[in-house]
Amino acid sequence: MSMNVPFVDLPRRYRHLKPQILAGIETVLDSGNYIMGETVERFEKKMANYLGCRYVLAVANGTDALILALKVLGIGDGDEVIVPANSFIASAGAVAMVGAKPVFCDVDDDLNINPELISELITSKTKAIIPVHLTGRAANMKPIWAIAKQHGLYIIEDAAQAIGAKYHDKMVGNLGDMGCFSLHPLKNLSVYGDGGFISLNDEGLYNTLKLLRNHGLKDRDTCLQFGLNSRLDAIQSVIAEIGLEHLNEWTRRHRDIADMYRQGLREFAKVPEEGNGYYGVYHNFVLLTDQRDELQKKLATLGVETKIHYPIPLHLQPASESLGYQAGDFPRTELFAKQMMSLPIYPEMTDDEVHYVIASVQQCIQENNNARM
Ligand SMILES: *Cc1c(COP(=O)(O)O)cnc(C)c1O
């Protein structure tokens, strides 16, 4: 039996939520209040409550969340920020956009920043570390806390892929000075456009961030400090609020699918195992295999769509050229870029689809192995 399993299927989720979403949007349209306002404040409170932090500040997208977090800490020209070489572009782009220099760090087997390699990258210019909780698994924070403390560095979590993930029972977004989240349609909690937010506990930073996301305006007419227009639309915030009601159930489903993949594929490829103290949300389920390109092609012929997150490491991007890195600088990142393959994983996937993906991967790897013998 053949099936088509797309890598994502956003309309499927919409069909499940349609009446709730349309009613929510209608309330906003009727209210006449389309940007920020009460609706967005309500979302911020609920999200702060969910994450267990004092403040949540809604912004226009996850990249702005990172840019504003760096800005509010005074990071800019002449400063350095340590970023894993294996991440989405925005983790480094945000650093460059405030005028600072991204300093890349290789990753460990968990695909996240390798804390053992951080210390040697620290200079007198280093101001912060951005651990990315890639694929929805928390970075190894304990050693990062120790390094940050020892050198007086800020920790800005890039939690764009990891909402709901935990590290020793603490929610991500609470593991540093600020947590940066995205509500992009492809994230675990998503809206129908762009959106994002920052989590934090410091009142002073929160008050400044509130200014910075809205032109630095204290009131209608008075600008205290030049800022951005990085506000969240009320429509997107009402959609995020509805999603938040479903988030725990979606996370459980992500985790169940990850369990099925792990059990079915452990003997065929390297699968993400969950270490003690970790609670992953499996934004992506990433296999490691040295037959990646063949496997991906064969799976496509069987109707299973896969993606690569990410095929070009940050230090080898054309945009990084002036930073002076070269191939070979980060061996783990570069190896994983050739081995990583993300399987479809979303709460609306049926068990049949999950089993079909597993059987297809098994079949392709077996055929490949036989052909190699
Ligand atoms: C999605 C993502 C971002 C950026 O979020 P946007 O809302 O798309 O700006 C940043 N970092 C990581 C790791 C991401 O996956």
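All ligand and atom numbering here is 1-based and tracks the order in the structure.
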Present, as a list of atom pairs with distances to 0.1 Å, all nitrogen or oxygen contacts under 3.5 Å between ligand 1 and the protein.
| from | atom 1 | to | atom 2 | distance (Å) |
| --- | --- | --- | --- | --- |
| ligand 1 | 5 (O) | Ser182 | OG | 3.3 |
| ligand 1 | 7 (O) | Gly62 | N | 2.7 |
| ligand 1 | 7 (O) | Ser182 | OG | 2.6 |
| ligand 1 | 9 (O) | Gly62 | N | 3.3 |
| ligand 1 | 9 (O) | Thr63 | N | 2.8 |
| ligand 1 | 9 (O) | Thr63 | OG1 | 2.5 |
| ligand 1 | 11 (N) | Asp158 | OD1 | 3.2 |
| ligand 1 | 11 (N) | Asp158 | OD2 | 2.7 |
| ligand 1 | 15 (O) | Gln161 | NE2 | 2.9 |
| ligand 1 | 15 (O) | Lys187 | NZ | 2.6 |

Item to check | Minimum heavy-atom distance Ile25-Val238, with the two atoms named | outcome: N-CG1, 4.0 Å
Next on the checklist: With side chain to side chain contact (heavy atoms under 4.5 Å, CB included) as the test, pick out the partner of Asp158 among Val83, Val132, Leu134, Thr63.
Outcome noted: Val132
Ignoring hydrogens and angles, write down the donor-acceptor pairs under 3.5 Å from the side chains of residues 141-152, residues two or more places apart or on other chains.
| from | atom 1 | to | atom 2 | distance (Å) |
| --- | --- | --- | --- | --- |
| Trp145 | NE1 | Leu175 | O | 2.7 |

Checklist outcome for this item: For residues 220-239, the ring pair (Phe, Tyr, Trp, His ring centres under 6.0 Å) pairs (sequence neighbours left out) are none
Checklist entry - So, the side chain of Arg54 versus the backbone of Leu200: is there a donor-acceptor pair under 3.5 Å, distance only? => result no
Item to check | Residues clustered with Val8, ILVMFWY side-chain links under 4.5 angstrom | outcome: Phe7, Leu10, Leu186
